[in-house]
Amino acid sequence: MTEAYGVDSEVGPLRTVMLHRPGNELRRLTPRNNDKLLFDGIPWVGRAQDEHDAFAQALRDRDVEVLYLGQLLTEALSDPDARAAAVAGATEDLRLGDTLREYLRTSLTALDPAHLAEALMAGVRNDEVRAGGLVTSLLAHEDFLIDPLPNLLFTRDSSVWIRDSVAVTSLAMPARARETQLTELIYRYHPRFAGADKVYDHQLEHVEGGDVLALGPGVLAVGVGERTTPAGVERLARRVFAKDLAHTVLAVPIAQQRATMHLDTVCTMVDVDAVLMYPNMAEEMRALAVTTDGDELHVAESEPFLVAAAKALGIDTLRRIDTGLDPVTAEREQWDDGNNTLALAPRVCIAYERTVETNARLEESGIEVIRISGSELGSGRGGPRCMSCPVLRDPLVTA
């Protein structure tokens with residue numbers, strides 16, 4: 001049965017969310033490959049799972065339905081067409097060669113849905129197969145034939161709902177390219193999402209979900225930088241305008257630093273008129289408002305981000321709540337994902353407990369903060385917003 005889903009803001013009451021509980025893909029991280037796989041450290045997986053379970057329970061305690069990506073993928077792989085697409089996507093890597101590719105396709109196809117899902121997420125090592133042939137003989141035993149996907153933890157990036165349509169995104173980093181193939185399978189083949197309208201797909205220009213903020217009904221802010229390209233913003237704008245999903249898209253250039261890869265690492269909404277921002281960048285952040293007359297895109301002159309956002313939302317001003325109390329504290333807490341909050345409703349958000357100063361500033365501004373532990377979950381540089389893909393929020397009602 002087709003379910004009704006949709007998201008028109010960052011702060012409308014959250015009803016359903018997709019998470020990914022960390023699993024064996026994190027156990028594949030080593031000091032040799034963690035940089036390539038975009039992690040800053042080697043997480044203690046058992047503790048990361050405990051922290052993630054507490055995160056999920058905090059959501060359930062607020063009546064949020066929690067869906068798990070791994071379970072949805074397993075269920076989708078019951079469809080023969082989904083299995084064929086999954087195996088083809090996992091074995092298209094040019095490193096494999098014909099002999100090894102054919103071996104992997106045959107062996108993966110023989111797996112049941114649960115074990116196939118595990119192989120797609122956790123990867124396949126050379127010493128786990130007996131393929132024979134030149135390629136596998138020349139590779140080291142510990143080399144991966146199918147790379148693990150530890151960043152599946154960050155479900156925000158591979159899909160984002162824009163009103164009642166889903167954008168399956170196009171991830172820029174090679175280590176993450178297969179994530180959106182799996183997400184695409186879920187939305188295409190899982191009965192729960194049968195008939196869901198799609199506004200974007202993973203074969204288009206690069207756009208990542210962490211760069212897309214639904215500031216309010218009809219208004220999107222999209223970060224532009226290392227992960228989302230100018231061409232990606234343009235393509236997304238054309239598509240959402242064609243489906244009447246937004247009237248304004250704000251293109252927001254982001255100064256690239258290790259901890260500022262997405263817009264939601266420096267700015268998240270915590271109320272209908274309040275944003276939590278990284279002060280060391282807030283004064284520099286600008287936006288170009290993109291609109292359409294039905295035929296052509298119109299790009300306005302660059303303005304300060306908060307000014308452009310308020311205009312697009314039709315309000316006088318957006319309240320700014322700063323991360324930290326001084327530049328050094330702000331930098332430390334931004335690194336610890338202090339800006340990456342997940343709003344459960346207006347004036348209610350989830351944040352990591354370690355961002356002490358930021359959480360205090362939020363509470364002083366009238367925002368309820370639900371604190372969770374993230375000492376191990378933060379190894380990949382992502383907070384509660386990064387780890388969650390809302391698929392249903394109540395429509396935002398404004399005065």
Side-chain angles (χ1 to χ4, degrees), residues 1-3 16-29 37 45-46 48-49 52-53 56 65-93 95-133 135-136 139 141-155 158-159 166 168 175-196 202 389 391:
M1 183 179 71
T2 302
E3 305 278 348
T16 303
V17 68
M18 186 191 303
L19 309 181
H20 176 64
R21 186 177 189 266
N24 287 326
E25 66 280 354
L26 286 192
R27 294 189 171 93
R28 304 289 208 167
L29 289 167
L37 295 176
V45 179
Q49 290 174 329
H52 196 272
D53 290 343
E65 178 188 24
V66 174
L67 308 177
Y68 284 107
L69 183 148
Q71 180 179 347
L72 293 172
L73 177 61
T74 298
E75 292 165 354
L77 290 172
S78 296
D79 186 299
D81 290 338
R83 294 169 62 79
V87 171
T91 56
E92 63 187 9
D93 195 322
R95 297 175 303 165
L96 297 177
D98 292 341
T99 301
L100 182 53
R101 181 177 296 107
E102 184 57 33
Y103 171 87
L104 287 172
R105 285 179 174 173
T106 300
S107 58
L108 290 174
T109 299
L111 297 176
D112 61 50
H115 286 93
L116 177 56
E118 178 67 13
L120 295 172
M121 295 186 293
V124 177
R125 263 195 340 251
N126 191 29
D127 61 357
E128 295 171 336
V129 304
R130 296 292 182 267
V135 174
T136 187
L139 293 174
H141 291 306
E142 67 272 15
D143 284 346
F144 281 97
L145 309 179
I146 298 174
D147 287 334
L149 299 176
N151 292 283
L152 281 173
L153 174 64
F154 307 120
T155 56
S158 60
S159 68
V166 64
V168 176
R176 305 195 66 182
R178 279 201 309 111
E179 291 178 43
T180 47
Q181 294 179 18
L182 302 186
T183 308
E184 173 77 28
L185 289 174
I186 290 170
Y187 287 120
R188 184 175 181 185
Y189 292 105
H190 197 286
R192 186 164 189 135
F193 298 107
H202 70 280
C389 174
V391 296

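We number each residue from 1, following the sequence as shown.
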### Expected output: side-chain Q49 to main-chain P22 donor-acceptor under 3.5 Å
yes
### Task
Look at the side chain of R178 and the backbone N and O of L120, then say whether any donor-acceptor pair between them is shorter than 3.5 Å.
yes
### Query
side-chain contact (heavy atoms from CB on, under 4.5 Å) between R176 and F154: does it pass, once the steps are laid out?
CA-CA 11 Å; R176 305 195 66 182; F154 307 120; 3.9 Å; yes
### Query
Would you find more than 12 non-hydrogen atoms of other residues, nucleotides or ligands less than 6.0 Å from R125 atom CZ?
yes
### Message
Contact between H20 and M121 at the side-chain level, heavy atoms closer than 4.5 Å - yes or no?
### Response
yes
### Task
Taking S107 for its side chain and L104 for its backbone only, find out whether a donor-acceptor pair lies under 3.5 Å.
yes
#### Entry: Full working for side-chain contact (heavy atoms from CB on, under 4.5 Å) between V124 and F144
CA-CA 6 Å; V124 177; F144 281 97; 6.0 Å; no
### Query
Without hydrogens or angle criteria, can the side chains of R105 and T91 be said to hold a donor-acceptor pair below 3.5 Å?
yes
### Query
Tell me, which pairs form a salt bridge (charged side-chain N to carboxylate O under 4.0 Å, His left out) where one or both residues lie in residues 141-153, sequence neighbours left out?
K36-D147, R95-D147
### Task
Just do the side-chain hydrogen bond (donor to acceptor under 3.5 Å, both in side chains) check on H190 and Q71 with the steps written out, would you?
CA-CA 10 Å; H190 197 286; Q71 180 179 347; over 6 Å; no
### Task
I would like to know whether L19 and L69 meet side-chain contact (heavy atoms from CB on, under 4.5 Å); could you show each step before the answer?
CA-CA 6 Å; L19 309 181; L69 183 148; over 6 Å; no
### Query
Do the side chain of R28 and the main chain of G123 share a donor and acceptor less than 3.5 angstrom apart?
yes
### Message
Check whether R192 reaches the backbone of L72 with its side chain - one donor and one acceptor, N or O, closer than 3.5 Å.
### Response
no
### Task
For residues L145 and L139, determine if any side-chain heavy atom of one lies less than 4.5 Å from a side-chain heavy atom of the other.
yes
### Message
Any non-hydrogen side-chain atom of I146 less than 4.5 Å from a side-chain atom of L108?
### Response
yes
### Message
Could you check whether any side-chain N or O of E128 sits under 3.5 Å from a backbone N or O of N126, counting only pairs where one atom can act as donor and the other as acceptor?
### Response
no
### Task
State whether the side chain of T155 and the backbone N or O of C389 hold a donor-acceptor pair below 3.5 Å, judged by distance alone.
yes
### Side-chain heavy atoms of P113 within contact of R83, under 4.5 Å
yes
### Query
Say you draw a straight line from CG of L149 to CG of N151; how long is it, rounded to the nearest 0.5 Å?
8.0 Å
### Message
Counting C-beta onward and ignoring hydrogens, is there a side-chain heavy-atom pair between Y103 and L96 closer than 4.5 Å?
### Response
no
### Task
Under the side-chain contact (heavy atoms from CB on, under 4.5 Å) rule, what do L116 and V87 come out as? Steps first, then yes or no, please.
CA-CA 9 Å; L116 177 56; V87 171; 4.3 Å; yes
### Query
Of all residues at least two apart in sequence or in a different chain, which pass the salt bridge (Lys or Arg N to Asp or Glu O under 4.0 Å) check with E92?
none
### Message
Parallel, tilted or perpendicular, judged at 30° and 60°: which one describes the rings of H52 and Y68?
### Response
tilted
### Query
Closest approach of E65 and T16, non-hydrogen atoms and distance?
OE1-OG1, 3.0 Å
